[in-house]
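Read through the structure below, which is laid out as structure tokens, and then see the notes.
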Amino acid sequence: MDQENKSGVTEFVLHSLSGSQELQLFYFAFFTLFYLSIVLGNLLIVLTVISEPALHTPMYFLLSNLSFIDVCLSTFATPKMIVDFLVEHKTISFEGCMAQIFFLHVFAGGEMMLLVAMAYDRYAAICRPLHYATIMSVSKCTSLVVGSWLIAVLHSVSQLLFTVSLPFCGPNKVDSFFCDLPLVIKLACTDTFTLEVLMLSDSGLMAMSSFVLLLVSYTVILVTVRRRSSTGMAKARATLTAHITVVTLFFGPCIFIYAWPFSNLPVDKFLSIFYTVFTSLLNPLIYTLRNKEVISAMRKLRHLQVLSLRKI
């Protein structure tokens, strides 16, 4: 096959969540409201943490970064999906497809690493309270966030370098609402077994190891609290159960899609929604908006805004 045919694909065709026109209109309204809630909710958390000195602690610094990543993770593909509900031909350019793959792995990988960093912060606060200030210093928190982004970028670049160099000559239909790496690789006009193994080793191992680290951290924290106080155990169990639920909803689909043998299952499209859209709203609800300190800071911020408007 000559080089012209190998580079013949200039765009990919994306599949909607449903072929029904009525359902697509419903999805358009639903995901538009959902996406706006994600962006406004997470940006409100970031603004609250920045504006309230009492929240300038390691835990809230990490939570505000999580909210920022959630906005990014929900933005790389959701607006495109929402617009596609209203158009008949759902296409994306080759460059746009590669960009989606890159940003998906940057933001999803960054969130995985940041969730691990947050679990480490809670471990230090509960299991080693006397050394917490030293363990979670400003420089350590900054290093954890920067390290999370660096690992995510390196991971994403490693995935994209192999994909961009693949020959694509057709077909060009991606059975998802965004360019997901396992689906795009399958469209290459060459044997991709080696690349699939590399991706399995990279993405699958990253998701699985992060998930295991989180479960181990939460288990150690629960055991530590149980030894100290039954009342504290009940509160910690309720909080950590909610955290583990969100973590499972995020990591479960990732592990299933990227660590599963390469087969295109119908459920993959819907599982992708959980870690690209749904958990971006669950994270602020579970980690932040149930916290009394954050709610109090938000009320204070609102009060200050009302006062400033009255002066105007």
- [ ] Check whether any side-chain heavy atom of F251 sits under 4.5 Å from a side-chain heavy atom of L214, and report yes or no.
- [x] yes
Task: Single-linkage hydrophobic cluster M81~L23, side-chain heavy atoms < 4.5 angstrom - done: yes
- [ ] Might you confirm whether atom CZ of F162 has over 12 heavy atoms from other residues, nucleotides or ligands at distances under 6.0 Å?
- [x] no
Task: Validation row: F178, F103 side chains within 4.5 angstrom (heavy atoms) - done: no
- [ ] Verify whether the ring centers belonging to F12 and F168 lie closer than 6.0 Å.
- [x] yes
Open item on the list: If the condition is ring-ring contact (aromatic ring centres under 6.0 Å, His included), which residues does F102 pass it with, not counting sequence neighbours?
Closed with: none
- [ ] Compare all side-chain heavy atoms of V87 with those of K90 and state whether any distance is below 4.5 angstrom.
- [x] yes
Open item on the list: Tell me if the centroids of the rings in F34 and F278 come within less than 6.0 Å of each other.
Closed with: yes
TODO: Indicate the atoms forming the closest heavy-atom contact of T248 with P253, along with that distance.
DONE: O-CD, 3.8 Å
Open item on the list: Contact between V174 and H15 at the side-chain level, heavy atoms closer than 4.5 Å - yes or no?
Closed with: no
Open item on the list: Over 60° means perpendicular and under 30° means parallel, so tell me whether Y27 and F85 are parallel, tilted or perpendicular.
Closed with: tilted
Task: Pair Q159, D202: side-chain N/O donor-acceptor within cut-off below 3.5 Å - done: yes
Task: Those residues that, when tested against E111, pass side-chain hydrogen bond (donor to acceptor under 3.5 Å, both in side chains) (two or more places apart) - done: N283
- [ ] Return yes if a side-chain donor-acceptor contact under 3.5 Å exists between T75 and Y35, otherwise no.
- [x] yes
Task: Side chains of F76 and Q100 in contact at under 4.5 Å (non-hydrogen atoms) - done: yes
TODO: Search all heavy atoms of C127 against all heavy atoms of I221 and return the closest pair with its distance.
DONE: SG-CA, 4.2 Å
